[in-house]
Amino acid sequence: MSNYKILRARELDHDIFWNYIDKLNDKYEYSNCVYNRQIELFYMQKNLDDGFLINKLSFVILFNDEPYCAFLGVEKIKNGVISICFYDLPAFFVEDTCNISPNKKKKYLNEIENICNIKCDKSLFSELKNKQNMTFGMEYLLFKKNFNTEFHLTRKIDLQLPENILKKNIRKSYNSLVNWGLRELDIELYNSNNIEKKHIDQFRTLHISESGRETRSYGSWLAQYDLIKNSKSFIILASKNSELISAGLFVCEYKHCFYGVSVSRRDLFEKPLFHSIMWTAIINAKNLGMKCFETGPEYIDHSLFYDASEKEKQISLFKAGFGGRLELNVRARS
């Protein structure tokens, strides 16, 4: 087994560890952008500010100095409650499944078993959906008696389609709503080339105003600023009469764009404030060379799936209007 090396995130420089993860992700057409080095810094800052003690569990295994599998996860502790996850996200598996021999698999699953043996109050793991086969890590968990299987739906838009086809795939009633926003709102896109801290501050101020309170630390907003400065991620701000009324953050990495967070003026909900922002984001992601635009969770009334609130269902209905196809994600929870 001398050709094997297990590298643990807690013992490595942050960027060195993520260089190995990127090398694994480069093997796929696109990988999940919400698991990247800048996102980890954002969630780490957010969780530390929220009072969590964080112990990194992430590791990558090399064979002949080449990575073939990795696990992204942390143990987080607060008020005596221990969770295994990846900050606010499920823990995650990254694998080169085409090049995992039985011996490599055994070495890998031994490490997963060590993670499972950590005493905790709850844990959550998610499947990587950028290929047809399930990861060996998730397959292993599904056969363990103390884990429950969950099914989640997400919607993805194929950005390799021509722009005119993307436009045709939008719900017919949305065309006039998108055009209204493009005509009536001042829409500004900020990326690594032109973003300033004042733009994040404007986003934050609107978020606090509409939430009625500050839901997370200023440090976490600055971490999102760093995310945009150091990746292809971007924000879009929409104003009317020089007053910000809607905003959205879109994460881009590994040829994948994810609709992250948004806020709009509640007193103007009768207006289509976000339709033009969403369409602008889709086209910008396509122009950046992204292959997939993920609008995020979608909910249906079925006993196999999460029982969503009415608000979540309405958001889901809105996002579904921009086309794309549903994709099934698998999670394991203890």
Side-chain angles (χ1 to χ4, degrees), residues 1-26 31-96 100 104-128 135-138 140-141 216-217 219-220 222-224 226-227 230-231 253-254 332-334:
M1 304 291 277
S2 59
N3 290 331
Y4 290 89
K5 291 181 184 177
I6 301 177
L7 305 180
R8 305 190 187 280
R10 62 176 177 266
E11 299 168 355
L12 290 177
D13 172 82
H14 179 262
D15 282 331
I16 291 175
F17 177 80
W18 276 97
N19 287 343
Y20 286 110
I21 303 300
D22 289 348
K23 198 167 185 179
L24 274 173
N25 280 321
D26 284 344
S31 295
N32 196 318
C33 70
V34 299
Y35 291 86
N36 70 64
R37 68 184 73 205
Q38 290 299 138
I39 287 287
E40 180 176 28
L41 294 176
F42 160 69
Y43 278 118
M44 188 188 309
Q45 183 66 55
K46 180 177 181 294
N47 277 253
L48 291 174
D49 290 341
D50 288 342
F52 286 96
L53 174 65
I54 300 295
N55 296 317
K56 290 186 178 182
L57 303 176
S58 301
F59 65 81
V60 59
I61 305 182
L62 312 184
F63 182 74
N64 291 336
D65 292 323
E66 286 294 317
Y68 70 88
C69 64
F71 171 77
L72 300 176
V74 301
E75 176 189 48
K76 68 179 195 179
I77 306 168
K78 184 177 180 180
N79 298 328
V81 177
I82 302 174
S83 303
I84 294 177
C85 48
F86 189 68
Y87 307 99
D88 291 2
L89 303 172
F92 203 60
F93 306 102
V94 187
E95 303 172 3
D96 180 9
I100 298 185
K104 290 179 180 178
K105 180 180 175 182
K106 181 179 179 180
K107 185 79 171 177
Y108 173 46
L109 295 184
N110 283 341
E111 290 297 317
I112 299 299
E113 180 64 19
N114 290 337
I115 299 292
C116 293
N117 287 336
I118 296 173
K119 291 184 179 180
C120 65
D121 297 283
K122 53 187 177 180
S123 62
L124 182 61
F125 301 79
S126 183
E127 173 66 309
L128 171 62
T135 56
F136 290 120
M138 179 58 69
Y140 182 71
L141 293 182
R216 53 188 172 90
S217 70
S220 69
L222 292 180
Q224 286 186 328
D226 289 336
L227 164 69
N230 293 286
S231 72
E253 192 71 73
Y254 308 134
R333 183 188 296 272
S334 69

Using every non-hydrogen atom in the two residues, find where [X] and [Y] come nearest and quote the distance to one decimal.
X: K78; Y: G51; result: CG-O, 4.0 Å
X: P67; Y: L24; result: O-CD2, 3.5 Å
X: D121; Y: G80; result: OD2-O, 3.7 Å
X: L7; Y: L12; result: CB-CD1, 3.7 Å
X: S126; Y: Y35; result: CB-OH, 4.4 Å
X: A70; Y: I21; result: CB-CD1, 3.4 Å

To the nearest 0.5 angstrom, please state how far the [atom1] atom of [X] sits from the [atom2] atom of [Y].
X: K105; Y: I61; atom1: NZ; atom2: CD1; value: 13.5 Å
X: C33; Y: I39; atom1: SG; atom2: CD1; value: 7.0 Å
X: N25; Y: N36; atom1: CG; atom2: CG; value: 9.5 Å
X: L109; Y: I115; atom1: CG; atom2: CD1; value: 12.5 Å
X: F136; Y: K104; atom1: CZ; atom2: NZ; value: 11.0 Å
X: S334; Y: I84; atom1: OG; atom2: CD1; value: 7.0 Å

Among all residues two or more places apart in sequence or in another chain, which pass the side chain to side chain contact (heavy atoms under 4.5 Å, CB included) test with D226? Q38, N230

Does any non-hydrogen side-chain atom of [Y] lie less than 4.5 Å from one of [X]?
X: F86; Y: E40; value: yes
X: L41; Y: H14; value: yes
X: I112; Y: Y140; value: yes
X: R37; Y: D22; value: yes

Determine whether F42 and L227 satisfy the following criterion, side chain to side chain contact (heavy atoms under 4.5 Å, CB included), listing intermediate values before the conclusion. CA-CA 8 Å; F42 160 69; L227 164 69; 5.8 Å; no

Test side chain to side chain contact (heavy atoms under 4.5 Å, CB included) on L72 and W18 and set out the steps. CA-CA 10 Å; L72 300 176; W18 276 97; 3.8 Å; yes

Check for a donor-acceptor pair, side chain of S58 on one end and backbone N or O of G73 on the other, with a separation under 3.5 Å.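 Yes; at least one donor-acceptor contact below 3.5 Å.
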
Ring centre gap for F92 and F71 strictly below 6.0 Å: no

The ring pair (Phe, Tyr, Trp, His ring centres under 6.0 Å) partner of F63 among Y108, Y68, Y4 is Y4

Is the number of heavy atoms from other residues, nucleotides or ligands within 6.0 Å of NZ (K106) greater than 12? no

Once side-chain hydrogen bond (donor to acceptor under 3.5 Å, both in side chains) is applied, what residue pairs with a partner in residues 45-57 remain, sequence neighbours excluded?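 Residue pairs with at least one partner in residues 45-57: Q45-D49, K46-D88, N47-K76, N47-D88, D49-S217, N55-E75.
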
